[in-house]
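Accompanying notes for the structure given below.
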Amino acid sequence: MSDTPTLLQRRARLLGPNMTTFYSDPVHIVRGEGAWLWDADGNRFLDCYNNVPHVGHAHPKVVEAITQQAATLNTHTRYLHEGILDYAERLTGTMDHDLDTMIMVCTGSEANDIALRMGRAVTGKTGIICTDNTYHGNTDLVSHLSAKKTPIGGAVEWVKKVPSPDTLTPLGGRDEAQSQAFADEVQAAIDALEAEGHGFGTLILDPFFANEGLPELSHGFLDPTVDVVRKAGGVIIADEVQPGFGRTGGHFWGHQRIGLAPDIVTMGKPMGNGHPVAAVVTRPEIMAEFRNRFGYFNTFGGNPVAVAAASAVLDVLEEEGLMTNALRIGEHLEKLLCQVKHINTADIRGAGLFWCVEFDIDGDTEAAAPFCARLVDEMRNRGVLLHSVGRHYHGIKIRPPMCFDRAQAELLAETLDAAMKALPA
Ligand code: PMP
């Protein structure tokens with residue numbers, strides 16, 4: 001039997017206080033397979049939130065690749081090895097334009113830290129623009145961008161936050177009006193950075209705005225913003241930690257989905273199916289400027305085992321047609337989600353295997369946050385794991401492993417229906 005109170009106490013004593021756990025009754029997971037997880041008491045859960053085991057928990061092909069490579073060689077990255085070169089060719093081959101050099105690291109935070117430093121290196125300007133409801137990681141530099149975590153020393157002048165796009169309350173109006181309003185906000189932030197003497201260097205955003213609540217965006221939504229950034233001589237980073245690797249179904253990368261051509265792309269979470277692998281991809285001249293200036297070295301990033309894991313993920317995505325699966329199951333899931341609408345449901349949106357059901361109460365999204373928190377717990381108690389998203393955590397985020405199937409989508413929808421009916425509005 002799992003002893004949750006003891007585990008929580010040990011966690012607090014050994015790992016420190018204030019560690020995040022999901023759910024009022026945290027889950028003690030001991031095993032996974034595909035989209036399924038089992039706890040220490042043998043209970044089975046459907047994992048509808050986890051984009052880390054991208055091709056499925058404990059995928060045999062990834063396990064085999066890691067095991068074989070670990071039994072052969074795993075060392076630091078100062079030796080010659082073909083693995084990282086083959087992988088770099090393959091990965092950059094998924095990009096549409098001249099993004100064909102790569103640094104491999106271990107976390108999304110590191111990737112974004114490097115990308116921001118690249119932006120500063122090539123523009124010579126320190127100013128950074130991001131949205132006001134984002135998360136890009138937790139190095140000292142990157143933590144200044146986080147909406148919900150306070151960086152050491154508090155807010156800094158060289159980071160300007162623009163209102164994130166939103167579906168229910170779109171800035172300036174719907175569609176093109178919102179697209180232009182977002183660009184206008186970026187322009188105002190650029191002007192402020194220039195006036196304050198920092199200068200504008202870099203705009204960083206997740207092209208699917210996943211932490212912001214995955215607002216519905218038309219193709220070309222960022223075109224006016226790109227014009228503004230280009231005119232100011234800035235660099236654009238697309239953080240693909242969440243929408244990357246085919247998650248949204250129709251495109252391998254989130255930026256391709258909206259027709260954005262970034263200068264730098266960062267990625268992480270799904271890249272190694274749980275093995276700590278992340279990367280920064282950019283144009284050769286940006287890479288050269290960064291490498292020449294900083295002589296960047298990462299002990300573990302892109303070591304042979306990391307590369308074996310990452311390569312196996314690409315193999316499985318291709319062999320099992322998981323991007324197409326995401327598209328098909330996603331379409332089915334959308335229909336199912338639309339059938340289980342609740343009085344508090346304000347919007348259902350997403351793409352591929354990445355969905356959000358947003359709630360409000362009489363038009364007030366913040367008021368729906370307690371309902372959403374109870375719903376997430378109720379789902380957990382009924383064996384389906386998902387979590388919340390949005391400015392007030394007032395929506396649920398659905399982001400299962402890419403092998404999610406029709407029956408699992410149906411189980412998710414049935415459970416959601418039952419859980420919502422069981423809760424008071
Ligand atoms: N970027 C985004 C968009 C993220 O959601 C996260 C993690 N949630 C990160 C970066 C940071 O990645 P990591 O935790 O691997 O450092």
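Note that ligands are numbered from 1 as they come in the structure, with each ligand's atoms numbered from 1 the same way. Index from 1, following the sequence. Nothing here was measured: the structure is a model prediction, and the numbers come from that model.
- Within 6.0 Å of CZ in F300 there are 12 or fewer heavy atoms belonging to other residues, nucleotides or ligands.
- Between F354 and F208, the ring-plane angle classifies as tilted under the 30° and 60° cut-offs.
- For the pair R291 and Y296, the NZ or CZ position fails the cation-pi test of under 6.0 Å to the six-membered ring centre and within 45 degrees of the ring normal.
- In the model, E320 has no side-chain atom that pairs as donor or acceptor with a side-chain atom of N325 under 3.5 Å.
- Of all the atoms in ligand 1, the ones that sit under 4.0 Å from a non-hydrogen atom of T107 are 15 (O), 16 (O).
- Formation of a donor-acceptor pair under 3.5 Å by the H251 side chain with backbone atoms of W253 is not found in this model.
- If you check which protein heavy atom lies closest to atom 10 (C) of ligand 1, you get H136 O, 3.2 Å.
- Expressed to the nearest 0.5 Å, how far CD of Q256 lies from OG1 of T94 amounts to 6.5 Å.
- Distance from atom 1 (N) of ligand 1 to its nearest protein heavy atom, with residue and atom name: D239 OD2, 2.7 Å.
- In this structure, the protein non-hydrogen atom closest to atom 16 (O) of ligand 1 is S109 OG, 2.5 Å.
- Looking at N211 next to ligand 1, an N or O pair under 3.5 Å apart turns up.
- A donor-acceptor pair under 3.5 Å is absent between the side-chain atoms of T345 and the main chain of D347, judged by distance alone.
- The closest protein non-hydrogen atom to atom 5 (O) of ligand 1 is Q242 NE2, 2.8 Å.
- Counting the atoms of ligand 1 from 1 in the order shown, those under 4.0 Å from a heavy atom of G137 are 11 (C).
- In this structure, a donor-acceptor pair under 3.5 Å is present between the side chains of T134 and H136.
- Distance from atom 15 (O) of ligand 1 to its nearest protein heavy atom, with residue and atom name: G108 N, 2.9 Å.
- Close approach of ligand 1 to N112 is summarised as follows: ligand atoms under 4.0 Å from at least one heavy atom of the residue are 1 (N), 10 (C).
- Of the protein's non-hydrogen atoms, V241 CG1, 3.7 Å is the one closest to atom 4 (C) of ligand 1.
- In terms of protein heavy-atom proximity, atom 8 (N) of ligand 1 is closest to K269 NZ, 2.9 Å.
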